[in-house]
2 protein chains.
Amino acid sequence: MSSALPPFPKPEESISEPQLLEVRSFGDEPCLRADAARNRAKLLEAAARLIAEHGVAGVTMEAVATAAEVGKGTVFRRFGDRTGLLMALLDHSAKTLQADFMGGPPPLGPGAPPVERLRAFGVAVLYRSAEQLDLQLAAQPDPARRFSHTALRALHTHVTMLLRQILPDADCELLSQPLMAYLDPALINHLTRQCGMPMERLEAGWIDLVARLTATPPPC
Amino acid sequence: MSSALPPFPKPEESISEPQLLEVRSFGDEPCLRADAARNRAKLLEAAARLIAEHGVAGVTMEAVATAAEVGKGTVFRRFGDRTGLLMALLDHSAKTLQADFMGGPPPLGPGAPPVERLRAFGVAVLYRSAEQLDLQLAAQPDPARRFSHTALRALHTHVTMLLRQILPDADCELLSQPLMAYLDPALINHLTRQCGMPMERLEAGWIDLVARLTATPPPC
DNA sequence: TTACGATCCGGACCGAGGTCCGTTTAAAGT
DNA sequence: ACTTTAAACGGACCTCGGTCCGGATCGTAA
């Protein structure tokens, strides 16, 4: 009902290069103004430093701004909100993973049979999330947007695609949801830290899950 | 490292009766002091009224306190935090559902074969969540506690138990996670409101998911 | 009835996320 | 070089969740 034209036009969906300030002129992205790009880099670097020193909890928007010698408004203009900043920090790793399963070597990338790719995908995501668990957890948006976020959508799309190759007649759009859910950082956190399960068990669980879901003729 | 003895002893795990102030003396729960019980009822009633009038977003801790003619501290003492208050609002419905599948009539309750119970369970949860979607969404705790909450644990335990009856040799503890995840209010919200899927499709998806996961011999 | 201790109450207080808007500045046009 | 304009900047400001603690209240035992 009330949609005033935003004072902060668009906080950038999610751009890569967490460390360098190199102006990415190729491609199609808006290409920030020189000062903006510089500040962006300073902010990401400051945020990373704060995490290293005080953990994710120490990453306060104001603290980041101060550490980067920049105004608070600048942080919000650039990243939209705290989630956006945290996601940007994860962006490099996300892009790498994405490149790996889009065009990388076989177990993950194209060339292997779909089921095998799916298995490899899950294991890769599992361990990647386990590393950056705290950050992944903190970067999780509120429930209403958990599934809207670009990075997640990309993974979801990929799983759906693989599934469609394996089960052409199933509702893969839906079937991919439980698979993705199994890889949710919040779940990994719960199972490993709160229930004390070892990663090997989670990994085996994934393999089992894939096997059960992709068994071609549903029941008998 | 820093665990001072809490000024608010324990905000009550989750007690029922959202509307009446009747003192529940039987059972084992602490049984609040008269004034405390009265305020608790006033608070829940005020919160419900605020939701009806301004939606979940209108449920500010201060607004609730004011509407209930009570101090802000009282709200926090009683419910711990906003999530606790919202959960308390959902508690009645949660207890009802739980009673239904613990001791109710067959499709849901004991008596029917486990697979059938599982199917019925999913459908029931699906539609129940769809009704109170906004509230369910808002009541969702932060990612680190999503899986620790009592109400969810109860559902999860039940699913695990049913699964164990169906697949005695599988890692049901893990296998139940994707099932529960499919019923996550945040997912239902995404699929119905953001993707525009009808509930019938979600329901069919659940039936299909159960069928695939419980097909006894994994692959061939 | 009185006295006492445990519990509860209230609202000032704090920190953090997010917004606003007057000012500054990069960069494209003349 | 000079003007212009869209974009960026900064930090005061607002809201809201959550904490604290002095003082009021309940329930009980004498």
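Each chain gets a letter, A, B and so on, in the order its sequence line appears, and its residues count up from 1. Quantities reported herein were computed from a predicted structural model and do not represent experimental measurements. Values reported hereafter were calculated over all heavy atoms of this structure, with side chains retained and with hydrogens, waters and symmetry mates removed.
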message: Rounded to whole Å, please give me the gap between CG in A:Leu43 and C1' in D:dA8.
response: 12 Å

- prompt: Within the side chain of A:Tyr182, is there an N or O that forms a donor-acceptor pair under 3.5 Å with the backbone of A:Leu202?
  reply: yes

statement: Once base and sugar-phosphate atoms are separated, protein heavy atoms under 4.0 Å mark nucleotides 22-27 of chain C, 5' to 3', with B, S and - as ---BSS

message: Measure CG/B:Leu50 against P/D:dC16 and give the value in whole Å, please.
response: 12 Å

task: Take the protein atom CG of A:Asp81 and the nucleotide atom P of C:dA16, then report the distance between them rounded to whole Å.
output: 17 Å

message: Which nucleotide wins on minimum distance to the side chain of A:Asn39, given the candidates C:dG18, D:dG17, D:dC9?
response: D:dC9

Where A:Phe147 and A:Arg153 come nearest, the two heavy atoms and their spacing: O-CD, 3.0 Å

Side-chain heavy-atom pair B:Thr83, B:Met87 within 4.5 angstrom cut-off: yes

message: Rounded to whole Å, how long is the line connecting atom NZ of A:Lys42 with atom P of D:dA8?
response: 16 Å

query: Between D:dC9, C:dG17, D:dG10, which one does the side chain of A:Lys72 approach most closely?
result: C:dG17

- request: Using heavy atoms to find the nearest nucleotide of DNA chain D for A:Thr74 and A:Glu62 separately, return the residue whose nucleotide is more 5′.
  value: A:Thr74

field: pair A:Arg146-A:Leu152: side-chain heavy atoms closer than 4.5 Å
entry: no

statement: Separation between CG (B:Leu209) and CG (B:Leu213), nearest 0.5 Å, reads 4.5 Å

d(CZ, B:Arg78; C1', D:dG18) in whole Å: 17 Å

- prompt: Would you say B:Arg49 has more than 12 foreign heavy atoms packed within less than 6.0 Å of its CZ?
  reply: yes

message: Can you tell me if B:Arg82 touches the phosphate of D:dC16, counting only side-chain N or O atoms and a distance under 4.0 Å to OP1 or OP2?
response: no

task: Check the distance between D:dC20's C1' and B:Phe76's CZ and give it to me in whole angstrom.
output: 13 Å

